[in-house]
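Because the structure is predicted, anything quoted here is derived from the model rather than measured. Quick note: residue numbers are just sequence positions, from 1. Ligands are counted one by one from 1 in listed order, and the atoms in each one are counted from 1 as well.
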Amino acid sequence: MAGPTRGFTGSARHRRNSRLPPGQYDVGSAYPVLTAEVTPDVDLSEWKLTVDGLVAEATSWSWEEIRALPGSEFHGDIHCVTTWSKLDTSFGGVSVDTLLDAARPSAEATHVLVSSTTGYTTNLPLADLRGGQAWVVWTHEGQPLPREHGGPVRLLVPHLYFWKSAKWVSRMTLLDHDEPGFWEQNGYHDRGDPWKEQRYQGD
Ligand SMILES: Nc1nc2c(c(=O)[nH]1)N[C@H]1C(S)=C(S)[C@@H](COP(=O)(O)O)O[C@H]1N2
Ligand SMILES: [Mo]
């Protein structure tokens with residue numbers, strides 16, 4: 001008699017590994033820091049997040065205003081292009097959908113250029129920030145987001161390589177074309193889907 005289908009009887013370890021995109025390893029409980037610039041000290045009394053560009057209403061939120069929006073959490077995995085993945089982690093903040101719904105993107109908006117207070121930038125298709133796939137977050141595993149990980153407030157786009165998740169996020173500008181950000185100008189992919197191994201331009 002034929003046994004059960006192999007795919008349903010794999011070990012827990014195998015199932016866990018099957019969550020790793022190609023070329024990635026499980027970093028375990030570690031949480032590496034990857035920062036290209038000097039870690040800024042962001043003053044929350046002056047911090048704001050702006051959504052502008054091709055929107056009906058350019059909108060900014062102060063720290064108090066953004067925390068008054070309906071909250072949203074992410075539980076899942078993150079994948080850095082340097083090949084580490086961190087499984088089963090969590091972040092809390094607000095869905096990017098909530099912010100975009102307030103600013104109302106114009107019909108011609110197709111891409112977003114995200115900026116940090118430091119000048120770091122990264123570009124994404126607008127569709128990757130929509131549909132419950134992206135967050136602006138200020139907690140990690142229930143604690144305030146540490147400065148080195150982008151605190152007080154960072155972007156989180158966990159279905160793309162983690163360089164798209166701008167730390168110390170301050171602006172999202174909607175465009176009708178794609179405009180390469182910091183790493184993308186330096187050879188990294190414009191979309192960065194880890195399951196398609198879109199690491200570099202041309203992948
Ligand atoms: N402002 C800013 N955001 C950034 C980066 C950066 O250097 N500066 N590094 C990116 C990269 S390459 C990764 S892997 C993640 C790292 O986030 P972490 O340091 O919290 O692990 O942040 C992304 N966002
Ligand atoms: Mo990264």
Side-chain angles (χ1 to χ4, degrees), residues 19-44 46-51 63 66 73-94 96 99 111-125 128-129 133-173 179-201 203:
R19 285 166 57 182
L20 284 175
Q24 298 292 113
Y25 74 94
D26 180 351
V27 79
S29 61
Y31 185 6
V33 172
L34 276 98
T35 306
E37 68 271 44
V38 173
T39 298
D41 199 349
V42 177
D43 181 351
L44 281 175
E46 285 168 19
W47 178 87
K48 64 177 178 173
L49 177 66
T50 299
V51 176
W63 171 236
I66 202 164
E73 289 181 358
F74 165 76
H75 296 262
D77 310 337
I78 54 179
H79 311 287
C80 172
V81 73
T82 63
T83 74
W84 59 266
S85 290
K86 184 170 176 58
L87 307 182
D88 294 317
T89 192
S90 67
F91 293 89
V94 63
V96 172
L99 307 175
H111 291 82
V112 182
L113 188 65
V114 179
S115 309
S116 302
T117 60
T118 56
Y120 180 94
T121 54
T122 188
N123 52 303
L124 303 97
D128 283 307
L129 292 175
Q133 302 184 89
W135 290 260
V136 165
V137 298
W138 49 86
T139 66
H140 175 241
E141 296 183 356
Q143 300 299 315
L145 183 66
R147 260 181 79 203
E148 66 271 22
H149 289 301
V153 185
R154 78 178 296 163
L155 182 66
L156 178 71
V157 192
H159 73 288
L160 300 179
Y161 282 125
F162 209 32
W163 88 80
K164 300 289 179 179
S165 296
K167 304 199 275 191
W168 316 292
V169 66
S170 59
R171 189 175 295 270
M172 294 188 243
T173 302
E179 206 168 294
F182 174 75
W183 283 118
E184 295 83 3
Q185 288 172 37
N186 285 283
Y188 286 85
H189 199 274
D190 284 320
R191 178 147 188 267
D193 181 341
W195 296 97
K196 296 179 178 161
E197 266 205 282
Q198 294 171 337
R199 297 177 191 273
Y200 307 107
Q201 295 285 342
D203 282 352

Between the main-chain N or O of [Y] and the side-chain N or O of [X], is there a donor-acceptor pair closer than 3.5 Å?
X: D193; Y: L160; answer: no
X: K48; Y: R171; answer: no
X: T139; Y: G92; answer: yes
X: N123; Y: G181; answer: yes
X: Q24; Y: C80; answer: yes

Could you find the nearest protein heavy atom to [atom] and give me its residue, atom name and distance?
atom: atom 18 (P) of ligand 1; value: H149 ND1, 3.4 Å
atom: atom 11 (C) of ligand 1; value: W163 CA, 3.5 Å
atom: atom 19 (O) of ligand 1; value: K167 NZ, 2.6 Å
atom: atom 1 (N) of ligand 1; value: E37 OE2, 2.8 Å
atom: atom 9 (N) of ligand 1; value: L34 O, 3.1 Å
atom: atom 23 (C) of ligand 1; value: F162 O, 3.3 Å
atom: atom 24 (N) of ligand 1; value: S165 O, 3.0 Å

Please could you name the atoms of ligand 1 that [X] approaches to less than 4.0 Å, counting only its heavy atoms?
X: A36; value: 6 (C), 7 (O)
X: A166; value: 3 (N), 24 (N)
X: S116; value: 1 (N)
X: C80; value: 14 (S)
X: W168; value: 1 (N), 2 (C), 8 (N)
X: T35; value: 7 (O)
X: V33; value: 19 (O)
X: P32; value: 18 (P), 19 (O), 21 (O)

Test item: side-chain donor near acceptor, E184 and W163, under 3.5 Å: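 There is such a pair (donor and acceptor under 3.5 Å, judged by atom type) between the side chains of E184 and W163.
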
Any side-chain donor near an acceptor of the partner, H159 and D128, under 3.5 Å: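 Side chains of H159 and D128: pair found under 3.5 Å.
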
Rounded distance (nearest 0.5 Å) linking atom CD of E37 with atom NZ of K167: 7.5 Å

Test ring-ring contact (aromatic ring centres under 6.0 Å, His included) applied to H189 and Y200, step by step: CA-CA 4 Å; H189 199 274; Y200 307 107; 9.4 Å; no

Sub-4.0 Å heavy-atom contact, F182 with ligand 1: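 No heavy atom of F182 comes that close to ligand 1.
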
Heavy-atom gap R154 to ligand 1 smaller than 4.0 Å: yes

Ring geometry between F182 and Y120 (parallel below 30°, tilted from 30 to 60°, perpendicular above 60°): tilted

Aromatic plane relationship, W63 with W138 - under 30° parallel, 30 to 60° tilted, over 60° perpendicular: perpendicular

Tell me the contacting part of [X] for ligand 1: side chain, backbone, both, or neither, using a 4.0 Å heavy-atom threshold, strictly below.
X: K164; value: neither
X: W84; value: side chain
X: Y120; value: side chain

Verdict with reasoning, F74 to V137, per side-chain contact (heavy atoms from CB on, under 4.5 Å): CA-CA 9 Å; F74 165 76; V137 298; 6.0 Å; no

